[in-house]
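Lettering follows sequence order; numbering is per chain, from 1.
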Amino acid sequence: MSSPVRERIMGRSPDRHRAGVWMYDATTIESKWQDYWDRNRTNQPDLDAAESPFYNLMMFPYPSAEGLHVGNMYAFTGADFHGRFQRLRGNDVFQPIGFDAFGIHSENHALKLNVHPMKLIPSNIANFTRQLKSTGIMYDWSHTVDTTDPEYYRWTQWIFLKLYEAGLAVKKEAPVNWCPSCKTVLANEQVIAGECERCGTLVTQRMLSQWFFRITEYTDRLLANLDTIDWSETTLTAQRNWIGRSEGAALRFPVEGADPIEVFTTRPDTVFGATFMVLAPEHPVVDLVTVPDQRDAVERYRRESAALDLKERQKTDARTKSGVFTGAYATNPATGEPVPIWIADYVLMDYGTGAIMAVPAHDQRDFEFAGEHDLPVVPVVIPADADVSAPPAGEPDLAAAYTEHTENEVLINSGDFSGAPATEAAGRIVDWLAQRELAEATVTYRLHDWCISRQRYWGPPIPIIYCDDCGPVPVPEDQLPVVLPYVEDFKPGDDGVAPLAKDRSFYQVDCPTCGGSARRETDVSDTFLDSSWYFLRYPSADLSDGPIDAERTERWLPVNAYIGGEEHAVLHLLYSRFITMVLHDLGHLGFEEPYRRFRKHGLLIRNGSKMSKSRGNVVNPDDYIERFGADTFRTYLMFLGPYEEGGDFRDEAILGPHRFLSRAVDAVETAVEAGSEGFPDPAVERALHQAIRQVTDDFARLSFNTAIAALMELLNELRGGGRVPTLDEVRPFVVMLGPIAPHAAEELWELLGGAPSMFDAATWPEWDADKLITDTVEVPVQVNGKLRATVTAVRGASEEDLRQAALSEEGVRRHVEGSEIIKTVHVPDRLLNLVVRTSEG
RNA sequence: GCCGGGGUGGCGAAAUGGCAGACGCGAGGGACUUAAAAUCCCUUUGGAGUUACCUCCAGUGCGGGUUCGAAUCCCGCCCCCGGCACCA
């Protein structure tokens, strides 16, 4: 009762009944070990000499003013379980953290609070740091990254210059997504269903001169390399879909007064059914071909569609497709027939060639358009089993004309190709047209170049100077960083001019080349550029004369394990792959894929929807950590459900993990008091080895909920029937508890006489296959696949022995009597199934 | 509409071709206690029959199929969640 051991751990304090539940003194233990780790640099691997480096990365947070929320912590805790597991397995684990603190997100928040981001961000970071340190996550705080630190973004700017030198950063006038509320350009990836990702405002289109990274130069590699990296399958699929490779053909439709109009199609086999063409309203050919009579109507339509915001343009009822005839005709390259040229806003200028051949019989949208504007519909593909000899004639039946593309189709109404299978005809038609230079096989991608210009304040200035005489001049490397100046009025203007354009002392400079008067670029770069290389910086965060140290990078990268949210599957994860590839090609990196392994974690659900700030259902972890301790909260979060699928946050369930840890402490304390050693009980020893096998496998595949369940089961076994476990029994248990509840595990490890820190001293237990084997096994016996009995048999018992044992069971006999056993299925030591047929039946 | 992930007790879940519901929450009962809390023990899918014990039937969103055997594999639906969306 009052043994020194108990005094020591529990302190016999009134605190033992916290949260209405008995518990060990988590507060004291957790601060004790956090101090210990800090003082002894426990979490700082030797970056220059580690022999078994393991880079365990998690997605760094944006430090919001609300602080760390449980969703962040869920992500980090899973990654920490994995990192600590790797550490106990003998690896030198580098697990850094940082802050993605630039960007519209932060800036908007500063605007809302009316606090300058240069004041707000540091205090947010301080708060995040405090919270993160309370979670017991194994961060190396000596190598953090803050993207707003000039010593960091100096190298972000350096990367821009490298791309510029390589011709991969170009300025071009382009229609861009414009958010009227955020007053800035958005990348396609930031437009969600026609709305701004940040504020939900409807996005409009504008023409602006912008800096683009030519990521489209890398599409093939970005796609092909996906087959070589070990990532969550769903993430790979998301990236493949985003890159959006589609194979097809470019077909040219000759037209008078202009070059032939090129279209892209994935179905060249349907070209005989192309009865009209549709161009995007902005398409340059429109000006050349529109007949005088139609000019007014065309101009009006163009103005109308330009004024529509994206959302409006997209949600237009599909059955009322607007459009205007240009009065001009092109020639269908296959039929030689004239086809009318229309413009319509359902054709997008920035996909394919901005023009389509319309095949109304076989495309839903073209069909609707034809119906709306009374255009001819000619079916050219029918199922192979349909009646080819009787093609539809006379008035086209619009409702019937539309057919889905299916396998086993053949062509009709297609000249010499009629009767040919559609898939095969596609290639032949392209070849046939190619002979007359009217077609070629091509590939089109959905992926666009990456617009990195932002007409905002809170980002790294783009390091370019415009000189009247020399043109755009890159800022010389030795003049980096181009420091973001303090600007009192950092609000964006709605004229598309960045806040920095109001600061003459910033933009007025001499040309670095000719010395003449020049003007700095006043746009800043996209936040995704900041985060596209942060993981490269971590190991070299203490380096000031370069972005990365070659030797350290060689030792630690590529990243061994990256864990993060699926929401970044197509943004950050694509951009960072691209930047890594470019730096590789420019000779700065020895690898071209940044993350060897990526696993997405699931979403935390609360009240039926995902936990996010925009849904207002976020939970702050501070209260839980204070009431139950970080160890309990960590265990609870990972016990909710499968880590890769997410979980339902219901806090009443936290008592389970809480009791588990309290019982674990109690078990080790009683073991130390009793002081017994060895493995006196074979059943318990077997349970221990089973648990080691299960927990080891589960940690390796991030199945944390089942790993915790296995340890709970083991603990129940160790304490079953009031049993006092031995020291040898609890030792491996404590080690396996390490990744889950590191503070408690350290305390118990020390109590067991181990040298701190356990993460240096302890080794992960091994399971012994011999110890798992029992002399006898319980074999389920089925009759016709239904369980009828379980028989105890010696391991490796023969089918005949099992059969005899089974037939002596009352429950089996009842179902076999009066029937004939026609077959026996025997899975050694696992199952016996007797298949019977009723004799009288 | 398209892509991805799901649907199993009152709840979170486990089991990936071989004993469905491990582990935990909640609930009910009991022990301890003056009492409460905490702790410990038992019960907990539904139905039926026998009530020491146990037996039978049904059951993993719905309908089919493959198999000696299906939550798991195949086909066709329905519903929920997340993402994308006139992508030619």
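A close approach under 4.0 Å does not occur between any side-chain nitrogen or oxygen of A:R446 and OP1 or OP2 of B:A88.
The distance from atom CD of A:E233 to atom P of B:G5 is 9 Å, rounded to the nearest whole Å. Atom-to-atom, CG of A:D666 to P of B:C40 comes out at 8 Å; the value is rounded to the nearest Å. Rounded to a whole Å, the CD atom of A:E368 is 11 Å from the C1' atom of B:G1. Rounded to an integer number of Å, the gap from CZ of A:F649 to C1' of B:C11 is 16 Å. A:I243 places its CD1 atom 21 Å from the P atom of B:G83, with the value rounded to the nearest Å. Nucleotide B:C41 holds its P atom 14 Å from the CZ atom of A:R723, rounded to whole Å. One atom, CD of A:E645, and another, P of B:G83, lie 17 Å apart when rounded to the nearest Å. In this structure, the CZ atom of A:F704 is 14 Å from the P atom of B:A14, given to the nearest Å.
As rounded to the nearest Å, B:C86 and B:A13 have C1' atoms that lie 42 Å from one another. Comparing the P positions of B:G18 and B:G69 gives a spacing of 15 Å, expressed to the nearest Å. Nucleotides B:A38 and B:C32 place their C1' atoms 11 Å apart, quoted to the nearest Å. For the C1' atoms, the distance linking B:U45 with B:G9 amounts to 5 Å, nearest Å. Taking atom C1' in both B:U60 and B:A71, the straight-line distance is 5 Å, to the nearest Å. The P atoms of B:G12 and B:G61 are separated by 14 Å, rounded to the nearest whole Å. Across the C1' atoms, B:G17 and B:A27 are found 35 Å apart, a figure rounded to whole Å. Annotation: B:A14 and B:C3 have their C1' atoms spaced 29 Å apart (nearest Å).
Anti is the classification of B:G69, since its glycosidic angle lies more than 90° from 0.
Partners of A:E262 under the side chain to side chain donor-acceptor pair (under 3.5 Å) rule, at least two apart in sequence or in another chain, are A:R252. Residues passing the side chain to side chain contact (heavy atoms under 4.5 Å, CB included) test with A:E809 are A:A789, A:V791, A:V812, sequence neighbours excluded. A:D698 pairs by the side chain to side chain donor-acceptor pair (under 3.5 Å) definition with A:Q694, A:R701, A:T706, not counting sequence neighbours. A:Y624 meets the ring pair (Phe, Tyr, Trp, His ring centres under 6.0 Å) test with A:F633, A:F649; sequence neighbours excluded. Residues forming a ring pair (Phe, Tyr, Trp, His ring centres under 6.0 Å) with A:F699 (at least two apart in sequence, or on another chain): A:F85, A:F704, A:W764. A:T774 pairs by the side chain to side chain donor-acceptor pair (under 3.5 Å) definition with A:R795, not counting sequence neighbours. By the salt bridge (charged side-chain N to carboxylate O under 4.0 Å, His left out) test, A:E810 pairs with A:R813, A:R814, sequence neighbours left out. Every residue was checked against the side chain to side chain donor-acceptor pair (under 3.5 Å) condition with A:T776, not counting sequence neighbours, and none meets it. For A:Y445, there are no ring pair (Phe, Tyr, Trp, His ring centres under 6.0 Å) partners, not counting sequence neighbours.
Base pairing in RNA chain B yields stems of at least 3 consecutive Watson-Crick or G-U pairs, both distances under 3.5 Å, namely B:1-7 with B:78-84, B:10-12 with B:23-25, B:26-31 with B:39-44, B:45-49 with B:54-58, B:61-65 with B:73-77.
Taking the six-membered ring for Trp and the full ring otherwise, A:W450 and A:F528 have centroids separated by 6.0 Å or more.
Looking at heavy atoms from C-beta onward, A:F639 lies out of side-chain contact with A:I740 at the 4.5 angstrom threshold. Looking only at side-chain heavy atoms (C-beta outward), A:L226 and A:L223 come within less than 4.5 Å of each other.
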request  = Produce a footprint string for nucleotides 17-27 of chain B: one letter per nucleotide, 5' end first; B if the base is under 4.0 Å from any protein heavy atom, S if only the sugar-phosphate is, - if neither.
outcome  = -BB--BBSSS-
Protein-nucleic acid N or O pairs under 3.5 Å, nucleotides 48-55 of chain B:
unit_1: B:U55; atom_1: O3'; unit_2: A:R814; atom_2: NH2; d: 3.0

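Between A:K600 and A:A355, the residue anchored nearer the 5' end of RNA chain B, judged by the nucleotide with its closest heavy atom, is A:K600.
The side chain of A:D345 sits closest to B:C86 out of B:C68, B:A88, B:C86.
Among the protein residues, A:L640 comes within range of the sugar-phosphate backbone only, with heavy atoms under 4.0 Å from sugar or phosphate atoms but none that close to a base.
Electrostatic pairing of A:R719 and A:D666 counts as a salt bridge here, judged by a charged N lying under 4.0 Å from a carboxylate O.
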